[in-house]
Structure formats: C-alpha cells, structure tokens
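Let me begin by presenting the structure, written as structure tokens, before commenting on it.
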Amino acid sequence: MAHVKLHIPGPVEVSEKTLQAMTRPMIGHRGQGFKDLYAKIQPQLQTLLSTKQLVYLSTSSAWGVMEGALSNLVTKKVLNCMCGAFSDKWFDVSKKVGKEAEALQVPWGSPIRAEQIDAKLATGQFDALTLIHNETSTGTMSPLDEIAALKAKYPDVMFIVDAVSSMTAMPHRFDELGIDVLLAGTQKAFALPPGLAVFVASPAALAKAATVKTRGYYFDFVEFEKNAKESMTPSTPSIPHIHALSSKLDDFFAEGLEARYARHTKTNQMLRDWASKHGFTLFPEPGFESKTLVCLNNGAKPGGRVVDVAKLQKGMKDRGVLIDGGYGKIKGTTFRVSNMGDETEATIADLVAKLDESIAGL
Ligand SMILES: *Cc1c(COP(=O)(O)O)cnc(C)c1O
C-alpha cells in the first residue's frame with residue numbers, strides 16, 4: 001500500500017534517515033556503547049533547552065511523564081490549566097493518580113493568561129500547576145514567558161509544562177524561564193516515531209521529589225537524575241529511538257536552531273495564508289495561534305467558511321496526504337494541518353497546491 005504522508009499534528013512524517021538510524025545493531029543499556037550515545041546527545045539536548053540540568057529520556061509517550069510529574073511533585077493540590085482536549089485531560093489524570101486538583105478552565109481556543117493563574121495561586125492552596133504551552137487540539141499557544149514570570153512570586157509552586165507540540169519548533173530556555181518541569185514526546189516537532197519522551201526538571205523539583213514517598217517507580221525523577229549522571233536511564237530504554245534522536249539532533253545543529261525556528265514560523269505562515277485565501281478563520285483567539293499547526297474554524301465559531309471536512313480529507317488522501325479532521329468536541333467544526341518537524345517551504349508549497357486542488361473539488 002502506498003504511504004500516505006502525515007500532515008496531522010502528531011505523529012508527523014518521519015524521514016528515511018531517521019528510520020535508518022533506528023536499525024543499528026542492538027547494544028546493552030548498561031554498557032559503554034550506550035553511555036557514549038547518551039553522553040553524546042546530553043550536551044545537544046542541554047543546548048536545545050538552554051539548560052545546565054541533565055535532560056532525561058523516558059521510554060513512554062508524553063503522558064507517562066505528564067502523569068509522573070504529578071506523582072513526583074504534588075503533595076497539596078494541583079491547579080490544572082485547561083483550554084483544550086489535552087490540557088483538560090490532565091485534570092482527569094490528576095484525579096486518577098489520587099491528587100487534589102482544581103480546574104482553571106477557559107473556553108477552547110482561548111489561551112491561559114498569567115493573571116488567571118495568579119488569582120488562583122494567591123489563595124495559597126496549590127503546590128503545583130500544569131500548563132500546556134501549545135494546546136494541539138485547538139492550535140492555541142499560551143504565553144509561556146508571561147506565565148513563567150509568576151514563578152518568582154510563587155517559588156514553592158511546581159510549574160509543570162508540556163511543550164509536546166512546540167519543543168524544537170521555537171526556543172524553550174528552561175533555566176531562564178525558571179519553571180520546574182518541561183517535557184515533550186518525540187512524535188511531534190522532533191519528527192521521530194512515537195515512544196520516547198524528553199524532559200528536564202529543576203533542582204527544586206528534584207529536591208521536592210526526593211521528599212515524596214509515593215512518587216512511583218517507572219517515572220521516579222530521583223532515579224532519572226541518578227542514572228542520567230552516569231549517562232543511563234532507570235530502566236531499559238528504547239535504544240533505537242535514542243539512535244534516531246541522536247541523528248535528529250545532528251540535523252538540528254547542522255541546520256542551526258534559529259534557522260529551524262524561522263522555518264517553522266515561515267511554513268506556519270504559509271498555512272495561515274492558505275486558510276485566509278480560502279475564507280477560513282483560525283480557531284484560536286487572535287494573537288495566540290500555534291506555530292506548528294493551524295486549526296481552522298469550520299463552524300465551531302461564528303464567521304468564516306464551512307466545508308465538508310470528510311470530503312476534504314478524502315481529496316487529500318487521494319493525493320497521498322493525511323490531514324486531521326478536528327479533535328474531540330470540535331471534530332468536524334474545525335480541522336487541522338501540521339507544519340512541524342522536517343517540513344520546508346518546498347514541502348508546504350506542495351501541500352498547499354494539493355489543498356487548493358482538493359478544495360476546488362468540493
Ligand atoms: C500529543 C500530545 C500529548 C499526548 O502525547 P502522547 O504521546 O499521546 O502521550 C500531550 N500533550 C500535547 C500538547 C500533545 O500534543
């Protein structure tokens with residue numbers, strides 16, 4: 001069967017080079033070969049995230065670390081900032097791991113603002129918050145800098161941030177932000193296959209985790225730190241993924257991080273231009289649109305064009321491309337197209353031409 005190219009917001013298309021990197025002969029995870037591999041990528045990851053902390057590799061999807069961060073860091077009550085399907089779910093997960101949790105819910109498509117968080121934290125009830133930087137379900141980006149600045153006012157509150165669909169597409173200066181946990185899964189902007197998560201924790205987060213007896217085993221942050229110091233992971237990792245990550249990091253630095261970020265901005269703008277050319281408005285509140293995907297309003301909000309999304313998807317699939325038909329309660333009344341990962345001006349120009357043809361056929 002012919003491969004249908006992925007332009008859904010995760011998993012995204014994986015290059016032949018990356019797939020090849022995964023086929024290296026197996027090595028033992030306690031041997032020097034593995035330590036050399038992790039030691040080689042550690043400084044690359046630290047540069048990528050602008051941190052002096054050790055960056056951890058978790059053989060799980062992002063949710064593993066998202067759940068693990070709650071187990072490691074919440075002892076009082078967590079504030080779950082909610083503005084879409086993934087961030088809403090984090091509230092359910094907090095309750096499932098037995099944590100006291102409160103929802104800070106804004107309408108889907110709105111960002112989370114610092115003043116809303118400030119008002120909640122001022123009650124003194126919370127020792128942690130969860131935030132999704134780029135809410136992939138709605139294509140909405142919350143202002144992380146503005147929110148992270150609150151950390152100075154609330155040093156004892158653990159700021160847990162999901163950058164799953166923004167990490168590597170724009171800078172995340174972890175030490176400068178001063179937040180406590182930053183995490184991503186690799187099947188989004190990293191353009192690796194699903195199954196690996198990358199994360200970093202602050203010294204304060206590690207100190208807090210060490211005091212929490214029920215922090216679990218598989219996602220024990222203290223174990224991640226202890227092992228990372230020896231260029232190892234707590235349990236047997238997906239070594240093929242780590243070879244692929246190593247290959248990918250070489251690509252990032254060969255291109256240059258700033259060029260990579262600029263490429264994402266440019267390709268995203270091309271998709272926004274396509275939307276406006278065809279009469280679609282974007283679903284997110286203006287000024288808070290994602291740079292790694294577009295979420296087009298298709299009736300979920302007043303104004304703009306409305307089309308048969310299933311037919312549009314079919315037209316694209318016939319042309320060898322998969323786009324997304326909307327997520328959760330805005331399925332069909334929105335649709336999404338991703339520009340994250342390896343996409344270039346040339347590949348997005350090709351995509352746009354196919355979108356033009358498909359929409360003309362509706
Ligand atoms: C995809 C995604 C997740 C979930 O990732 P899994 O790999 O399914 O665990 C979480 N948060 C955001 C923002 C995402 O885009």
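In listed order, ligands and their atoms are each counted from 1.
The nearest protein atom to atom 6 (P) of ligand 1, hydrogens excluded, is given as Ser61 OG, 3.4 Å; this is a heavy-atom distance. Of the protein's heavy atoms, Ala62 CB, 3.7 Å lies nearest to atom 5 (O) of ligand 1. Among protein heavy atoms, the minimum distance from atom 10 (C) of ligand 1 is reached at Asp162 OD2, 3.4 Å. Nearest protein heavy-atom contact of atom 15 (O) of ligand 1 is Thr136 OG1, 2.4 Å. Regarding atom 7 (O) of ligand 1, its nearest protein heavy-atom neighbour is Gln187 NE2, 2.6 Å.
A donor-acceptor pair shorter than 3.5 Å can be found between the side chains of Ser166 and His133.
Counting atoms of ligand 1 from 1 in the listed order, those under 4.0 Å from a heavy atom of Asn134 are 13 (C). If you number the atoms of ligand 1 from 1 as listed, the ones under 4.0 Å from a heavy atom of Ile132 come out as 13 (C). Below 4.0 Å from some heavy atom of Lys188 lie the following atoms of ligand 1, by number and element: 1 (C), 2 (C), 3 (C), 14 (C), 15 (O).
Residue contacts with ligand 1 include Met66, since one of its heavy atoms falls under 4.0 Å from the ligand.
A salt bridge is absent between Arg263 and Glu345; no separation between the charged side-chain nitrogens and carboxylate oxygens falls under 4.0 Å. The existence of a salt bridge linking Asp127 and Lys208 is confirmed by a sub-4.0 Å separation between a basic side-chain nitrogen and an acidic carboxylate oxygen. Using a 4.0 Å cut-off between a side-chain N of Lys or Arg and a carboxylate O of Asp or Glu, Glu357 and Lys354 do not qualify as a salt bridge. Using a 4.0 Å cut-off between charged nitrogen and carboxylate oxygen, Lys314 and Asp318 count as a salt-bridge pair.
Of all the heavy atoms of Trp63, the ones lying under 4.0 Å from any atom of ligand 1 are found in both the backbone and the side chain.
Stacking of Lys229 on the aromatic ring of Tyr38 is not recorded, the 6.0 Å distance cut-off and the 45° axial limit not both being met.
No side-chain heavy atom of Gln313 sits less than 4.5 Å from a side-chain heavy atom of Ser358.
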